[in-house]
Student: 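Once you've had a glance at the structure underneath, I'll fire off some questions.
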Protein chains: 2
Amino acid sequence: MRPVPSTIAAKLKAAAVPIAERGLDQTKIEELAEASGIPKATLYYYFTGKEEILAFLLTDLLTEIAGAVAVASEAPGTARERLVGIVTAQLRVMATQPAVCQALLADLGRAGRVPEIAVAVADAFYTPVERVLAEGAADGSLRKVQDPVATSMAIFGAVTITGLHYLIRGTPLDPKQAAKHLTGVLLDGLARKDRG
Amino acid sequence: MRPVPSTIAAKLKAAAVPIAERGLDQTKIEELAEASGIPKATLYYYFTGKEEILAFLLTDLLTEIAGAVAVASEAPGTARERLVGIVTAQLRVMATQPAVCQALLADLGRAGRVPEIAVAVADAFYTPVERVLAEGAADGSLRKVQDPVATSMAIFGAVTITGLHYLIRGTPLDPKQAAKHLTGVLLDGLARKDRG
DNA sequence: CCGGAGTTTGTACTCACGGTACAACCTCCA
DNA sequence: TGGAGGTTGTACCGTGAGTACAAACTCCGG
């Protein structure tokens, strides 16, 4: 993959739309060309194929998420508050870039198969959550869970699948609102509190 | 799609393995034929193509899950206990049929695009959880959540993505154990209880 | 202003694979 | 025993991914 100039990278984002709608395999290269306004021959000048185009879009997205999450992870306050911030940040990007996010989440298998993307997903989602869980156990704002890795996986699932549903159904996603509800459930739990 | 005899249906299950490994689009019909021991021509006698073969495997799987979940939903005890039973049942099927489950969860976008499968997913996952949440609010074993639909989506995500990770990594999945941890987190929440 | 390096793009091509057509054969039952 | 329907091999077609390549265009150093 040749270094991709920013003009191309910018145009390319529109290519995520047909991919989100139909899936990569049901999307012809010609459609990617059409959607992005970049001729097929030029696409092949920079990328070796469809897969690589999607990988480029996804790593771009995941870098952005990782950045926003890193900021939220540095915020002052309790770990519990930062967890809310992290989830909000993740949902915010989903609201901003619905198509690429849908392309990622609707085909998680591909992400798992491409090591580069798998790592980026971990950096953007699991790892920060895992850390904030540990911080919460330390500062007393979160309880100590038995298996932080499994727990961060569960949180990842809850957040992304919730977001994915909004994206698929096309209903507008209010990140703050959704994060509030989601973390409300995740933090307080579903069980009725006997003494709360 | 012609009615599929049980002999064919049984053999066909093996076709889920290459699909889980590589994804449907990276799997040739010839490979499905090889994996299942059913010649290509016979596959096309019963199905109109790859998509339909996968759809058949998925509806079969989802019917099974829906059945197991229905049983768990009828169990005596509190709604809270039934919720644990439902999650356990879902994870149990994932442990029993790893390949098909992976094929489903690693490509949720496809499920969303095929109405038949989307409905089956709802029947196997959301709807029962949504109902047990309502029952829990009624019998007092679960707290009243603001948005039961969104909550059941989050639960769906937590359960399936957790399961998917086990499947992708190939680590053995103990349904009881995993369900215990998962529902532990979901029921009690991540926040430290001030008075528990 | 020239020339060359790298970029952009159109066009023509190859080839793998999904899917179809069809005929031979087999099985089972009336 | 004959015919309907299931099973399978083989030959074929069309689509679309990816390649090859050359023409044109941009930009920069001399």
Side-chain angles (χ1 to χ4, degrees), chain A residues 1-58 60 103 106-107 109-111 113-114 116-117, chain B residues 1-60 100 103 106-107 109-111 113-114 116-117:
Chain A
M1 193 181 91
R2 259 173 246 259
V4 180
S6 56
T7 55
I8 300 278
K11 282 180 164 188
L12 204 56
K13 297 205 173 184
V17 175
I19 298 177
E21 278 171 5
R22 255 158 289 134
L24 183 63
D25 34 311
Q26 300 299 324
T27 308
K28 302 175 215 170
I29 287 270
E30 262 310 335
E31 295 179 84
L32 298 183
E34 212 171 319
S36 63
I38 305 168
K40 176 181 155 180
T42 307
L43 289 177
Y44 275 108
Y45 180 73
Y46 286 108
F47 305 97
T48 61
K50 285 164 136 193
E51 296 271 343
E52 209 178 66
I53 293 175
L54 179 55
F56 177 80
L57 291 171
L58 293 184
D60 187 63
D107 196 357
R110 171 166 283 112
R113 263 172 263 128
V114 183
E116 177 197 357
I117 297 178
Chain B
M1 193 182 91
R2 259 173 246 258
V4 180
S6 55
T7 56
I8 300 279
K11 282 179 163 190
L12 203 57
K13 296 205 173 183
V17 175
I19 299 177
E21 278 170 6
R22 256 158 288 135
L24 184 63
D25 34 310
Q26 300 300 323
T27 307
K28 301 174 214 167
I29 288 270
E30 264 308 334
E31 296 180 82
L32 298 184
E34 213 170 318
S36 64
I38 305 168
K40 177 181 154 179
T42 308
L43 288 177
Y44 276 107
Y45 179 73
Y46 286 107
F47 304 98
T48 62
K50 282 164 136 192
E51 296 271 342
E52 209 179 65
I53 292 175
L54 178 55
F56 177 79
L57 290 171
L58 294 183
T59 44
D60 187 63
V100 204
D107 195 357
R110 170 166 284 115
R113 263 172 260 128
V114 182
E116 178 198 356
I117 298 179

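In the text below, chain A, chain B and the rest are named by the order of the sequence lines, each starting its count at 1.
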Student: Can you tell me the distance, in whole Å, between the NZ atom of B:Lys50 and the P atom of C:dT20?
Tutor: 14 Å
Student: Can you measure A:Ile53 atom CD1 to D:dA17 atom C1' for me and round it to whole angstrom units?
Tutor: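 Result: 11 Å.
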Student: Out of D:dT19, D:dT8, C:dG6, which has the shortest distance to the side chain of A:Tyr44?
Tutor: D:dT19
Student: What residue among B:Val17, B:Leu54, B:Leu58 forms side chain to side chain contact (heavy atoms under 4.5 Å, CB included) with B:Val100?
Tutor: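 Testing each of B:Val17, B:Leu54, B:Leu58 against B:Val100, the sole residue satisfying side chain to side chain contact (heavy atoms under 4.5 Å, CB included) is B:Leu58.
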Student: To the nearest Å, how far apart are B:Phe47 CZ and D:dG6 P?
Tutor: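 That distance rounds to 14 Å.
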Student: Looking only at the side chain of B:Pro39 (C-beta and beyond, no hydrogens), which of the listed nucleotides C:dG18, D:dA17, D:dT8 gets closest?
Tutor: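 Shortest atom-to-atom distance from the side chain points to D:dT8.
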Student: How would you label the contact of A:Lys40 with the nucleic acid (heavy atoms, under 4.0 Å): base, sugar-phosphate, or nothing?
Tutor: base
Student: Give one of base, sugar-phosphate or nothing for A:Thr27, where a contact means two heavy atoms less than 4.0 Å apart.
Tutor: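 Sugar-phosphate, no base atom in range.
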Student: Can you check the B:Glu30 CD to D:dT8 C1' distance for me, whole Å?
Tutor: 12 Å
Student: Do other residues, nucleotides or ligands put more than 12 heavy atoms under 6.0 Å from B:Glu34 CD?
Tutor: no
Student: For the side chain of B:Lys28 and the base of C:dG18, is some donor closer than 3.5 Å to an acceptor across the two?
Tutor: no
Student: Can a donor-acceptor pair be found, under 3.5 Å and without considering hydrogens, that links the side chain of A:Glu31 to the backbone of A:Lys28?
Tutor: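 Pair found, side chain donor or acceptor close to backbone of A:Lys28.
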Student: What is the distance from CD of B:Gln26 to P of D:dG16, rounded to the nearest Å?
Tutor: 17 Å
Student: Please tell me which of the listed nucleotides, C:dT11, D:dG6, D:dT10, lies nearest to the side chain of B:Tyr45?
Tutor: D:dG6
Student: Using whole Å, report how far CD1 of B:Ile29 lies from P of C:dC17.
Tutor: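 Nearest whole value for this atom pair: 12 Å.
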Student: To the nearest Å, how far apart are A:Met1 CE and D:dG18 P?
Tutor: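 Rounded to the whole Å, the gap is 15 Å.
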Student: Measuring from B:Thr7:OG1 to B:Leu12:CG, what's the distance to the nearest 0.5 Å?
Tutor: 10.5 Å
Student: Taking atom P of C:dT7 as reference, at what distance in whole Å does atom CD1 of A:Ile38 sit?
Tutor: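 Taking CD1 of A:Ile38 and P of C:dT7, I get 15 Å after rounding.
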Student: State whether the side chain of B:Lys50 and the backbone N or O of B:Leu24 hold a donor-acceptor pair below 3.5 Å, judged by distance alone.
Tutor: yes
